[in-house]
Each structure stands twice: as C-alpha cells, then as structure tokens.
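First up is the structure itself, then whatever we jot down about it.
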Amino acid sequence: MSQVRVRFAPSPTGFFHIGSARTALFNWLYARHTGGKFILRIEDTDKARNTDESLRVLLEGMSWMGMDWDEGPEVGGDYGPYFQSQRQAIYDEYLQKLKDAGRTYEKDGAIWFKLEGERYTEYDDFKKAEVEKVKAAPVVIDDTVRGRVERAEEMDFVIVRKDGNPVFHFVNVVDDITMGITHVIRGEDHLSNTSKHVELFNAFGVKAPVFAHIPLILKESGPGKMSKRDKGALIEEYAQRGFLATAVRNYIALLGWNPKDEREKMDIDEIIELFDFPGINKGNSRFDEKKLSALNTEYLREMPIETYTWLARPILHSAGVIEEDADEDYIQSVLKLCQGKARGLDDLADFCRYFFQDDYTLDEKVGAKIAKKADPKELIAEILPVLEGVADFDADHLQASLEAHAESKGAKVFAYFPALRYALSGQGGGPDLLPMLAVLGQEQVLGRLKRFVG
RNA sequence: GUCCCGUUCGUCUAGCCCGGUCUAGGACACCUGGUUUUCAUCCAGGCAACAGGGGUUCGAAUCCCCUACGGGAUGCCA
C-alpha cells in the first residue's frame, strides 16, 4: 500500500460541473504530488442519462483542464473495466459475500444491507412515517481534512434495487476495494454518506481508505451550493467564453485550498509540488467570477504575442470581426496594442473591431463628453493637414508633428487626443493612441477623419 | 425533526494544531490620488473581518462549553 491510488468517479450527466471539476482536480493533484495513480471511473449505471455525448463532454472537460488519467476510459488499466455498467459480475460476487455473511435481506423486492444493533421503531419527521431504526455503534471516519468524525447509521439501506441494479453506496465501496483505492477525496456532501460506506467496508472485512472531504463551492449569490443552473457552473462554458484553462484551473485550485503563503498565480508544476491535505480548508467557499477573471487577465497579459494571437484569431473570426484569411501581421500588430488593455478574450472582439472594420458606430455619450470642452469636428479639421503632412506615420513622428502643431497654437497636444480617438474608433478608451494611429495607417486614419469632419 | 460538518475584511484566504511577536497579513472587488492623452493599463494610498455569549488563563482569533447562523445528509440519485 505504498503507492497512492485515487479516483474521480463522475456520473456523466451531459455537463461538467465546476464542483466535479474541482474534486477531479484535487484528486489529480494529489496523485501527481505523491507520484501515485489517478483513476477515472465512470459511474454510468443510470442508463437513461448516460449517453455517448455525456461521456464526451466529461472527457473533453478533463482534457481541457489538463487532467490526464492513468487508468480509465481510453487508456485502460489493470483494474478494469472502468465503466460501472460493465462490472456487474464483480458486484454479484461482492453481493454474495454479504449474503454469506448474513448481512442482507430482501424487502419489497430490493436487497437491503443489515446493520448490527438493537432494533426499535420511531416516528421519522422527515419521512413522515413510523420507521424501523437500529442502535448501531457509531462508525469512526478518519478524515484527513476534518479529523475524527463519528457518526452512527441508524437505518438499514438498499444496496440493490428491485430492478436488479446495485445502488451507489454499494458499487462505490466495491469499486474502491477492487480498484485498490487508497484515498477517497470527494465533496463534503458525501461526509454523511461515509458512515454507510464504512459499514460496508467493515462488513467486507476491508480496511477503509483514507477519506478527505473537501469543502463545497457555494453559488456566487444566494443560498446553497453551486448547481448546474448557476452562472459559471459549467466548465464547458469557460472554454466557449475564451477563458484560459490554466486560469480556470488555478482559480479552482484556490477554492478550498491554498499554499499557506501569499502565492496565488502559480503554474501547474508549482501547484502540484505544493498541493497537500494540510492546505485544504474546512469551510465552504463562495464562487467569485471577478477573481477568476482577474487571474485570467493576468495570464492573458503575460503570454507571448504569438500565443495570444493564436488564441484570439478564431474568436475574432467567429465574432465576424475578421475574415478567415485576414493578414496575420496586421492582426498581430493590433493585438499587440490590445493585449495589455483588454480584459478577456470574450470581449476582445468589441474592443478591437474598429481596427478591422470602418463602419464602427460613434458612442454618443463619449462624443457629448468631449464636446463639452471643444467641438471635436473643429479639432479634427484643425489637425487633419498636420496628419496629412506626416511622412513616416509612426508613433514618434506623429508625436513630434502633433506637438509642434499644438505649440504653435499655444495648446497642449493632449487636447486633441480624445477627439482623435473618438473620431477614429467611436470610443472613449482603448489602446495607446499614437501607436493605434500607426497601426491603422495613414490612409485609413485620414479617410476616417475626413468622413468624421463630413 | 434528527444527524454530521463548518463560521477571520463584500469575496478567496494567512494566522488557529504548538495561546503572547495580530494595533489580524495578502489577493479580488470597491474608493482616492498619481502616471502633466484616453484607460478596461501601471503605480501609490485607503475602506474593510476574528458570528454572539460564557468560561480557562497573567494573557485567546488561537483552548473548552453554549447559542446563533451557514452548509450537507436523511432516495430503490450519484
């Protein structure tokens, strides 16, 4: 039992939930940190919901986040099959063990697990009925995150449904035993279930794995945990919205875990090296997309312009900003200006559209604000000849020419800037102005300004 | 209802195990100022928290108890 074996056991539902992703990530990180094995096991017993499409979403989500698995679908392994739907023979065998030990009975066509202890009946306020309960000895859960937790199971529970399908608690334990799982890292919502699981491990005469129940992710606002209908709950949406997988992964890692110092932005090797149980918090954490975005922006800002361009190009194309065959050099020179200013890839298209299309609209609010100081048309008309006269249309020469002109008028050069930007882009903000003119090019700039003056 | 888990700035968190160095640190957000051009940049500064009450102790964010609040479980869902 020297090597760590952890598993992520999702039920493919057609979504890859952020909470699941975080559970997967913690397992994966622990495996990589310890040099152990990360196993992907598919809990696909519910045939109605488990389609190929659902599985695909899951596997793609895992890959997108950079979580590779050592055993499981597509890669196989010595402890397979890795789909619960294919493990019936194993479940039959283990069910027999329980039967032989006298720990089961049938009722209403289902097979129940029998707790040991004195029986009594009691009115159950949740079930609104008189039920049979058992005074079972409390089970001890040795949880690495929470410490020693004691909980007594008080009712027998179903392990095989009347349709013959085994239920989660049973298969989960059997699979963990047969797959040699050493550490179970899962959401705190399973902590109460764990007493059932430990009862089963005990009944099989097997030492339970180490448990680590990690805090849940609460929805951004309002009560309760993140559910798939909440904004930001689905991993596949982040990919679509142009979020960086590295940023999402980094952010999620920080939800419920921290390296015990002030590091936040970390590359994956660093996280793997630092990740361990003592850094996991007990309290639930609330999802905060602003913080995720901030991290995402940081990653975006520091990447090489080539990578940035490679990422942005398809996004700009699908937003209708550029053509399929748009000039790479021009795109890159535009993006070079925008990379340090734009926040995310998702709003990049609107941020830089005017570089590629000259039918941009003028933001009237911005225009009104500028007009308070001076009529933008007059300002533009005034410097139009200056810009026409600039031989080398680069930022330095533009600066020099405009300054010279401003001086001759007894004005400051920046008096012209807001109007210039407004006329050229329709906006009030954007990349540095003079480099922007240079990238746009003299012909384009003059054309736009003439049109603006009317 | 019952059981289990939790509770430090608005949010993520450090500190808690091994009480004094905490007038509680960082980050995101927000606010202000600066960068004598825009800002969705950059820099500087600011706002802001130990849930409440009892103990224990010379001393408690740190240990114990109670209450409140939050979360979860209580499915022939996983």
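Labels below follow one simple rule: chain letters A, B, ... track the order of the sequence lines, proteins then strands, and each chain is numbered from 1.
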Send over the distance from A:H169 NE2 to B:U74 C1', rounded to a whole Å.
10 Å

Counterpart residues, salt bridge (charged side-chain N to carboxylate O under 4.0 Å, His left out), relative to A:D143 (two or more places apart):
none

Quote, to the nearest angstrom, the P distance that separates B:C5 from B:C66.
12 Å

A:N281 vs B:U13: side-chain N/O to OP1/OP2 distance below 4.0 Å
yes

Between the base of B:U74 and the ring of A:F126 - centre-to-centre under 5.5 Å, planes within under 30° - is that a stack?
yes

Within the structure, does a side-chain N or O atom of A:S285 lie under 4.0 Å from either OP1 or OP2 of B:U13?
yes

Both conditions, 6.0 Å and 45 degrees, for the charged tip of A:R448 above the ring of A:F452: are they met here?
no

Here the pair of heavy atoms bringing A:K107 nearest to A:W112 is O-NE1, 3.2 Å

Closest of B:C42, B:G10, B:C76 to the A:V158 side chain is B:C76

Provide the distance between the two C1' atoms, one in B:G34 and one in B:U23, to the nearest whole Å.
29 Å

I'd like to know whether A:K377 forms a salt bridge (charged side-chain N to carboxylate O under 4.0 Å, His left out) with A:D375, so could you lay out the CA-CA distance, the side-chain angles of the two residues, the decisive distance to 0.1 Å, and finally the verdict.
CA-CA 5 Å; A:K377 287 190 183 182; A:D375 181 6; over 6 Å; no

Just how far, in rounded Å, is C1' of B:A78 from NZ of A:K228?
11 Å

Measuring from the side chain of A:F168 (C-beta onward, heavy atoms only), which nucleotide among B:A78, B:G10, B:U36 has the closest atom?
B:A78

How long is the line joining OH of A:Y422 and C1' of B:C39, in whole Å?
18 Å

Could you tell me how far B:C43 sits from B:G6 if I compare only their C1' atoms? Round to whole Å.
40 Å

B:C69 and B:C17, which share atom name P, separated by this distance in whole Å
29 Å

Tell me which residues in residues 339-349 of chain A lie within less than 4.0 Å of RNA chain B, going by non-hydrogen atoms.
A:G340, A:K341, A:R343, A:D347

For A:N258, report the nucleic acid contact type (base, sugar-phosphate, nothing); a contact means any heavy atom under 4.0 Å.
sugar-phosphate

Between B:A49 and B:C9, how far is it from one C1' atom to the other, in whole Å?
4 Å

Send over the distance from A:D124 CG to B:A73 P, rounded to a whole Å.
16 Å

B:A68 -> Watson-Crick or G-U wobble partner, both distances under 3.5 Å, gives B:U7

Quickly work out the A:L40 CG to B:A78 C1' distance and round it to whole Å.
15 Å

Which value, in whole Å, describes the distance between the C1' atoms of nucleotides B:U67 and B:G33?
46 Å

Student check: side-chain heavy atoms of A:P259 and A:W257 closer than 4.5 Å
yes

Nearest of B:C12, B:U41, B:A29 to any side-chain atom of A:K290?
B:A29

Can you work out whether A:L254 or A:K196 has the more 5'-proximal nearest nucleotide on RNA chain B?
A:L254

Given B:G26, B:C5, B:U36, which nucleotide is nearest the side-chain atoms of A:E262?
B:G26

Is A:D432 touching bases, backbone alone, or none of the nucleic acid, heavy atoms closer than 4.0 Å?
base

Between A:V453 and A:A381 the two heavy atoms that sit nearest each other are CG2-N, 3.9 Å

For A:E150, answer base if it contacts any base atom (sugar-phosphate contacts may also be present), sugar-phosphate if it contacts only those atoms, and nothing otherwise; contact means non-hydrogen atoms under 4.0 Å.
sugar-phosphate

Polar side-chain contact A:K291-B:A27 base: donor and acceptor under 3.5 Å:
yes

Which residues pass the side chain to side chain donor-acceptor pair (under 3.5 Å) test with A:Q96, sequence neighbours left out?
A:D100

Contacts under 3.5 angstrom, residues 402-421 of chain A side chains, donor-acceptor by atom type, not counting sequence neighbours:
from	atom 1	to	atom 2	distance (Å)
A:E403	OE2	A:Q399	NE2	2.7
A:H405	NE2	A:E382	OE2	2.9
A:S408	OG	A:H405	O	2.6
A:Y416	OH	A:E382	OE2	2.5
A:R421	NH1	A:P431	O	3.1
A:R421	NH2	A:P431	O	2.7

What's the gap between B:A60 and B:A44 when it is taken at their C1' atoms, as a whole Å value?
36 Å

What are the two closest heavy atoms between A:M179 and A:I39, and how far apart are they?
SD-CG2, 4.3 Å

Which whole number of Å gives the distance between the C1' atom of B:U8 and that of B:G25?
12 Å

Ignoring backbone atoms, test whether A:K282 places a side-chain nitrogen or oxygen under 4.0 Å from the OP1 or OP2 oxygen of B:U7.
no

With hydrogens left out and only the distance checked, is there a donor-acceptor pair under 3.5 Å joining A:N193's side chain and the base of B:A78?
yes

d(CD, A:E302; P, B:C42) in whole Å
13 Å

Base-pairing assignment for B:U2 (Watson-Crick or G-U wobble, both under 3.5 Å):
B:A73

I need the minimum non-hydrogen distance between A:W69 and A:P73, along with the two atoms involved.
NE1-O, 2.8 Å

Using modelled atom types only, decide if a donor and an acceptor are shared between the side chain of A:D394 and the backbone of A:D396 within a distance under 3.5 Å.
yes

Scan A:R421 against the nucleic acid and name what it touches under 4.0 Å (heavy atoms): base, sugar-phosphate only, or nothing.
base

Residue pairs passing the ring-ring contact (aromatic ring centres under 6.0 Å, His included) test where at least one lies in residues 128-152 of chain A, sequence neighbours excluded:
none

Within 45° cone and under 6.0 Å: A:K196 NZ/CZ vs A:F157 ring
yes

Separation of B:C39 atom C1' from A:M436 atom CE, nearest Å, is 13 Å

Assign A:G430 to base, sugar-phosphate, or nothing according to its heavy-atom contacts below 4.0 angstrom with the strands shown.
base

Using nucleotides 68-72 of chain B, report all nitrogen or oxygen pairs with the protein that are shorter than 3.5 Å.
from	atom 1	to	atom 2	distance (Å)
B:G71	OP1	A:G224	N	3.0
B:G71	O2'	A:N284	ND2	3.0
B:G72	OP1	A:K225	N	3.3
B:G72	O2'	A:D189	O	3.3
B:G72	N2	A:S192	OG	3.1

Kindly say if A:K260 contacts the phosphate of B:A14, meaning a side-chain N or O under 4.0 Å from OP1 or OP2.
yes

A:F157 CZ - B:C3 P separation (whole Å)
20 Å

Assign A:G256 to base, sugar-phosphate, or nothing according to its heavy-atom contacts below 4.0 angstrom with the strands shown.
sugar-phosphate

Describe the nucleic acid contact of A:D108 in one word from base, sugar-phosphate, nothing, applying a heavy-atom distance below 4.0 Å.
base

Please work out if A:F287 contacts a base, only the sugar-phosphate, or nothing of the nucleic acid, heavy-atom cut-off 4.0 Å.
nothing

Within the structure shown, what part of the strands sits under 4.0 Å from A:L255 by heavy-atom distance: base, sugar-phosphate, or nothing?
sugar-phosphate

Going by purine N1 to pyrimidine N3 plus the second Watson-Crick contact, or the G-U wobble pair, all under 3.5 Å, which nucleotide sits opposite B:A24?
none

